[in-house]
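Note sheet for the following structure.
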Amino acid sequence: MTQLLAAGPELMEHWQQAPQIYGKAVISAAIDARRLGTRAPLPEVFLKHAAIGYLTPCERAAVDPASWFRDALAYACRPIKQVTSALQPVPHPTGMGPLPGVVDLADYLEQHAGALRWDHVPPAAFWDAAHQHLDTGEDLDRLAMQAFSQGRFRISRTLYLRAHERDSADAVEGLCFTYTETGRVLTADGREELVALTRGANDRGYSLWYLGSTLASIGRYESDEEVCALAAELLAESFDAGHVDAAFSLA
């Protein structure tokens with residue numbers, strides 16, 4: 001523990017004062033991924049894609065496309081005081097050796113560097129890399145909410161849909177919330193999309209209840225009989241699917 005703490009300041013310097021700008025970009029992408037809610041091991045292909053957004057056009061043009069990421073990853077994984085490194089191997093869950101193709105961020109960097117970057121909005125390449133290369137539904141769900149809170153509504157919707165494809169139990173609820181906050185739920189297309197998602201969710205009627213309750217509130221507030229009728233239909237389906245709380249909302 002003492003050795004790890006002693007290496008902490010040098011670990012921060014290894015990131016902040018990095019002479020290897022491409023290694024710094026890779027570490028910064030990993031830090032942002034962790035502070036925004038990604039918990040699974042970080043795929044190297046995700047970091048390679050995301051790091052592009054942390055570089056200037058001149059920095060991107062001046063690099064060898066065949067070797068830049070290999071060199072950047074080597075810098076990010078370089079041992080600090082022989083006890084830690086910014087990016088670390090992930091042990092194989094069932095066997096010996098590291099799990100190929102993924103890395104983890106040092107705990108010290110996650111806590112201290114993440115706090116320094118609390119107000120940073122990741123570049124577009126970060127969100128695009130998350131959509132293309134992250135596979136854990138819960139991680140995608142958390143990133144979608146972070147994107148929404150930073151005003152990236154289109155990105156948030158895309159990530160929620162990806163999370164839903166990856167069987168996230170909260171993705172449909174997140175979509176209902178974001179569609180309500182942005183007014184998309186008031187459009188026929190928006191409602192149609194949400195209804196299709198909730199009817200396809202395997203959560204014993206919870207998503208149907210959430211959307212039905214949301215539409216019931218909107219329908220009453222807007223005095224929209226069509227929306228109220230759709231809400232009642234969804235709540236009845238929710239009760240039939242096993243979500244008993246839907247009976248109270250329907251009544």
Side-chain angles (χ1 to χ4, degrees), residues 33 36-40 43 46 49-50 121-122 124-251:
L36 294 178
T38 304
R39 296 290 172 261
F46 160 75
H49 187 158
V121 178
F126 174 91
W127 302 111
D128 190 45
H131 176 255
Q132 292 193 37
H133 304 298
L134 298 184
D135 291 324
T136 305
E138 290 75 13
D139 285 350
L140 289 163
D141 188 79
R142 285 187 286 266
L143 287 175
M145 179 52 69
Q146 290 290 341
F148 179 83
S149 69
Q150 295 171 1
R152 271 55 179 177
F153 302 135
R154 180 188 59 80
I155 292 171
S156 176
R157 172 180 174 273
T158 301
L159 291 174
Y160 271 129
L161 290 173
R162 172 79 167 168
H164 179 67
E165 293 172 0
R166 290 293 181 267
D167 297 323
S168 169
D170 298 325
V172 174
E173 181 178 345
L175 273 172
C176 290
F177 171 76
T178 56
Y179 275 34
T180 301
E181 293 298 304
T182 58
R184 186 177 175 84
V185 74
L186 298 175
T187 68
D189 288 344
R191 288 196 300 273
E192 190 175 313
E193 183 177 356
L194 287 176
V195 169
L197 288 171
T198 55
R199 283 176 171 159
N202 184 24
D203 55 8
R204 295 178 57 83
Y206 175 80
S207 296
L208 288 164
W209 166 79
Y210 188 90
L211 179 57
S213 299
T214 301
L215 291 177
S217 298
I218 293 172
R220 289 197 303 270
Y221 182 79
E222 299 287 338
S223 299
D224 190 323
E225 293 184 5
E226 182 180 350
V227 172
C228 287
L230 177 58
E233 182 181 338
L234 293 174
L235 291 170
E237 291 179 28
S238 173
F239 182 78
D240 290 340
H243 194 77
V244 295
D245 289 345
F248 176 78
S249 302
L250 181 57

- Message: So, using side-chain hydrogen bond (donor to acceptor under 3.5 Å, both in side chains) as the criterion, who are the partners of R199 when residues are at least two apart?
- Response: E233, E237

- Task: Specify the closest pair of heavy atoms between A171 and H164, including all atoms of both residues, with the distance to one decimal.
- Result: CB-N, 3.6 Å

- Could you name each residue pair satisfying salt bridge (Lys or Arg N to Asp or Glu O under 4.0 Å) that touches residues 136-149, not counting sequence neighbours? D139-R142

- Task: With sequence neighbours excluded, tell me which residues meet side-chain contact (heavy atoms from CB on, under 4.5 Å) with V185.
- Result: Y179, T180, R191, L194, L215, I218

- Sequence neighbours left out, what pairs pass salt bridge (Lys or Arg N to Asp or Glu O under 4.0 Å) with at least one residue falling in residues 154-165? D135-R162, R157-E193

- Just how far is it from atom CD of E181 to atom OG of S156, taken to the nearest 0.5 Å? 11.0 Å

- Indicate yes or no: at least one non-hydrogen side-chain atom of T38 is less than 4.5 angstrom from one of L140. no

- Note on the structure: Taken in chain and number order and not counting sequence neighbours, the residues that satisfy side-chain hydrogen bond (donor to acceptor under 3.5 Å, both in side chains) with D170 are none

- Non-neighbouring partners of S207 that pass side-chain hydrogen bond (donor to acceptor under 3.5 Å, both in side chains), sequence neighbours left out: D203

- Qualifying residues under side-chain hydrogen bond (donor to acceptor under 3.5 Å, both in side chains), relative to E192, sequence neighbours excluded: none

- Calculate, to the nearest 0.5 Å, the distance between atoms CG and OG belonging to L161 and S168 respectively. 11.5 Å

- Is a side-chain N or O of S238 found less than 3.5 angstrom from the main chain of G205, in a donor-acceptor match? yes

- Item | S213 side-chain N/O to Y210 backbone N/O, donor-acceptor pair under 3.5 Å | no

- For residues 229-251, the ring pair (Phe, Tyr, Trp, His ring centres under 6.0 Å) pairs (sequence neighbours left out) are Y206-H243, W209-H243

- Query: Which residues satisfy the side-chain contact (heavy atoms from CB on, under 4.5 Å) test with A236, sequence neighbours excluded?
  - Reply: L250

- Between atom OH of Y160 and atom SG of C176, what is the distance when rounded to the nearest 0.5 Å? 10.0 Å

- Which pairs with one or both residues in residues 211-228 pass salt bridge (Lys or Arg N to Asp or Glu O under 4.0 Å), sequence neighbours excluded? none

- Message: Tell me whether the count of non-hydrogen atoms from other residues, nucleotides or ligands lying under 6.0 Å of CZ in R39 goes above 12.
- Response: yes

Would you tabulate the side-chain donor-acceptor contacts of residues 126-133 under 3.5 Å, counting partners in other chains and residues two or more places apart, or write 'none'?
from: W127; atom 1: NE1; to: P122; atom 2: O; distance (Å): 3.4
from: D128; atom 1: OD1; to: Q132; atom 2: NE2; distance (Å): 3.4
from: D128; atom 1: OD2; to: H49; atom 2: NE2; distance (Å): 3.1
from: D128; atom 1: OD2; to: Q132; atom 2: NE2; distance (Å): 3.1
from: H133; atom 1: NE2; to: H49; atom 2: ND1; distance (Å): 3.2

- Query: Can you find a pair of side-chain heavy atoms, one from V172 and one from L211, that are under 4.5 Å apart?
  - Reply: no

- Task: Search all heavy atoms of L134 against all heavy atoms of P43 and return the closest pair with its distance.
- Result: CD2-CD, 3.7 Å

Name every donor-acceptor pair, under 3.5 Å, that has one atom in a side chain of residues 144-152 and the other anywhere in the protein, sequence neighbours excluded.
from: S149; atom 1: OG; to: Q146; atom 2: O; distance (Å): 2.7
from: R152; atom 1: NH1; to: Q150; atom 2: O; distance (Å): 3.0

